[in-house]
Amino acid sequence: MKKKNTLAILLILFAVAGSMAELLGWLLPTISWPFTVSRDMRVLSLPAEVAPWLAVDDRFHWFGWLCMLVMAVVGVYFLLRSRDSLRLPPMIAKRWQRFRSLKRGYWSLLILCGIVGLAAMDQCLVGKRALVVSYEGRWYFPAFTRNVIPGATFGQIGNAAHAETDYRKLKTMEGTPGGPDFVILPPIPYAPTGDAVPFPTEALQLKGKTVMESTGQFLYNGQASRLYADGKTHLRIRYRRGLPDGMVQGWDPDGKEVYSARYNEGKLTEEYYTGKGKVAEFLALTPADKISRVYYHPAPPLTGGHILGTNSQGADIMAYLYGGLQVNIKAALIYIPIVYSIGLTLGMFMGYFGGKADLLTQRIIEVVSQLPFLFVVMILADFVPLQMRGMFLILVLLALFGWMHITYLVRTATMKEKTREYVDAARVMGAGPLHILARHIFPNLTGIIVTLLPFSIAAVVLSLASLDYMGFGLPDTYASWGRLLNDGLSKLSSPWVVSSAFCALVITLMLVTFIGEAVREAVDPRRHTYYE
């Protein structure tokens, strides 16, 4: 009873917090997800005139408000039923115990729940906005507000004053005169998309006139750059054994020709060879000068603060994988209820009533199942306006082809269940078809639903990755594991890109598959009986 009260109160508090955050312009981790999805998918919102008292950003985000209402209603229902025991029915309790005995599936469920919990932390864990900024005695929480804070708020000038604050740069000014008192960034201070980072650099050591590796133990080989104070590249020279390419130890600058040229108003007026070109400038370097190795995108792991490196667009791979995980979770939360609602409803009606309705629905399924899925996606990708493309369109297409398998399985199970004695007893007592389907047959279909659920989640994750890999999936504003996989396969010289996407997909699908196999074995009536 105490656990049920706690769950009820939490649901009510989440609903209230999410509603207040929407009206006040806050952005709470996970709780604000329904409203974020409504903003990403325009079809999930309506013009402000529909409900002006709940409209924000000139739109009424009905999907978000519906989710808040559902949470509140479920919480109130649990609170009113708190006198009932939270104890599971005997059959479900038996199945849960069998599932826990299957260690591979049980531990996979715990790991997957942990991953989902990390994804629920949202901007607290990954994001380019600071969590807390203290500036001139005032406190700011940029990551938890939808409003953009311009750079002028924190004393930045020029173009940066009118754009959104660069909090990573602001972090470097922490404690300096005119800078913030302190800045707290997320553990991964990069956004999944739309946040191209500068090229990572690695400082090299200058011993005398010889460039050494960052450790100072080996002579440097490769291209290095002299950087301005702001970090921009000033001079690029290729080095061999610590000296510019072509130079050797004991080299005399007056005895080696280096190409140089003179220009007048952009035109070449004189070209000549001299010992006073870039090499001569190199010889004038002092240990105070910044000589660095620049890692162009895709940058390797553990460079510039990027744990897994960057992709070819300059996005942090760890942040990109995190964003892709969130996209998959949001897609599954929307796709699964739609597909199962259609599949369960049609399947139960087909199995219970049979006759012409059953035959007609089967013919419709046969027609839809013959449509080439990829061909339909390609047509829509060409003809649908750009502003209408996005997650909603992809999920509609996946749902259009994803409910048929569930319908057939539910139809078969319903035809079997309607011949049971408890259904005949319900008819004798005067129960109608809808009552029988909802109160008697549907509870006995939970085994099929629970068994199919993990495999349906794996299917939607794999489908999204496949479409994005082929270029027919989500727009670039969404982080996608399939797009990252495509990027990595086109640049096999940077194996960390493709390996990160591959590992993310394999680990996720493997965990979900292990859970599905354990659930299927736990609810299989051929292996276990009620009286075990």
Side-chain angles (χ1 to χ4, degrees), residues 1-8 10-11 30 74 77-78 81-121 325 328-329 331-333 335-337 339-340 343-344 347-348 402 405-406 408-414 416-417 420-422 439-462 502-532:
M1 186 184 301
K2 185 177 180 181
K3 292 181 179 179
K4 181 176 283 191
N5 280 334
T6 303
L7 178 61
L10 283 177
L11 289 175
T30 301
V74 173
Y77 174 78
F78 282 165
R81 297 290 299 272
S82 60
R83 292 176 297 176
D84 300 338
S85 175
L86 193 64
R87 190 175 301 169
L88 295 174
M91 176 65 77
I92 298 179
K94 281 283 187 181
R95 290 174 175 176
W96 172 246
Q97 290 299 325
R98 290 198 295 266
F99 176 79
R100 292 189 62 179
S101 65
L102 303 170
K103 298 302 182 183
R104 185 174 65 179
Y106 180 66
W107 282 104
S108 296
L109 177 63
L110 294 181
I111 295 173
L112 186 62
C113 289
I115 293 174
V116 173
L118 290 177
M121 296 178 67
L325 174 65
N328 288 326
I329 294 174
L333 290 176
Y335 169 83
I336 296 298
V339 170
Y340 275 73
L344 287 171
M348 286 194 297
H405 179 62
I406 301 172
Y408 271 123
L409 292 176
V410 172
R411 171 183 175 270
T412 303
T414 303
K416 180 181 178 181
E417 292 296 326
R420 303 285 189 181
E421 290 80 1
Y422 69 86
R439 298 298 300 271
H440 298 285
I441 294 181
F442 176 73
N444 289 282
L445 300 179
T446 54
I448 296 177
I449 299 172
V450 173
T451 302
L452 289 177
L453 187 60
F455 300 104
S456 299
I457 295 175
V460 69
V461 171
L462 190 59
F502 177 78
C503 290
L505 273 172
V506 169
I507 291 173
T508 302
L509 296 176
M510 183 177 63
L511 292 175
V512 174
T513 303
F514 287 165
I515 295 171
E517 291 177 348
V519 169
R520 182 172 57 188
E521 184 174 345
V523 303
D524 190 354
R526 295 172 298 181
R527 291 177 175 266
H528 308 280
T529 64
Y530 175 76
Y531 298 101
E532 282 186 338

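Arg439 pairs by the side-chain hydrogen bond (donor to acceptor under 3.5 Å, both in side chains) definition with nothing, not counting sequence neighbours. Scored by the side-chain hydrogen bond (donor to acceptor under 3.5 Å, both in side chains) test, Thr451 finds no partners at all (sequence neighbours excluded). Applying the side-chain hydrogen bond (donor to acceptor under 3.5 Å, both in side chains) criterion to Tyr340, with sequence neighbours excluded, gives Ser456.
Between the CD1 atom in Ile336 and the CG atom in Leu452 there is a gap of 10.0 Å [rounded to 0.5 Å]. Annotation: the span from Thr414 atom OG1 to Leu409 atom CG amounts to 10.5 Å, rounded to 0.5 Å. Between the CD1 atom of Ile448 and the CG atom of Leu453 there is a distance of 13.5 Å, given to the nearest 0.5 Å. Put simply, OG1 on Thr508 and CG on Leu462 are 11.0 Å apart, with the number rounded to the nearest 0.5 Å. The distance from atom CD1 of Ile515 to atom CD1 of Ile111, rounded to the nearest 0.5 Å, is 9.0 Å. Of the inter-residue distances, the one linking Ile115 atom CD1 with Leu511 atom CG reads 5.5 Å to the nearest 0.5 angstrom.
Atom CZ of Phe99 is surrounded by more than 12 heavy atoms from other residues, nucleotides or ligands within 6.0 Å. A 6.0 Å sphere centred on CZ of Phe455 holds more than 12 heavy atoms belonging to other residues, nucleotides or ligands.
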When you look at Phe442 and Ile449, which way does the side-chain contact (heavy atoms from CB on, under 4.5 Å) test go after all the steps?
CA-CA 10 Å; Phe442 176 73; Ile449 299 172; 3.8 Å; yes
Might you work through the side-chain contact (heavy atoms from CB on, under 4.5 Å) test for Leu445 and Met348, ending with a clear yes or no?
CA-CA 10 Å; Leu445 300 179; Met348 286 194 297; 3.7 Å; yes
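When every heavy atom of Gly105 is checked against every heavy atom of Ala518, the shortest pair comes out as CA-CB, 3.6 Å. For the pair Pro337 and Ala332, the tightest heavy-atom approach, listed with the atom from each and the gap, is CD-O, 3.9 Å. Nearest heavy-atom pair across Thr513 and Leu509 is OG1-O, 2.6 Å. Here the closest non-hydrogen pair linking Ile441 and Glu417 is CG2-CB, 4.2 Å.
Residues Arg104 and Glu517 meet the side-chain proximity criterion, which asks for heavy atoms closer than 4.5 Å. A 4.5 Å side-chain heavy-atom check between Leu110 and Trp107 finds at least one atom pair inside the cut-off.
Looking at Leu505, Val512, Leu325 one by one, the single match for side chain to side chain contact (heavy atoms under 4.5 Å, CB included) with Val461 turns out to be Leu505.
Note: Tyr106 and Trp96 have perpendicular aromatic rings, judged against thresholds of 30 and 60 degrees for the angle between ring planes.
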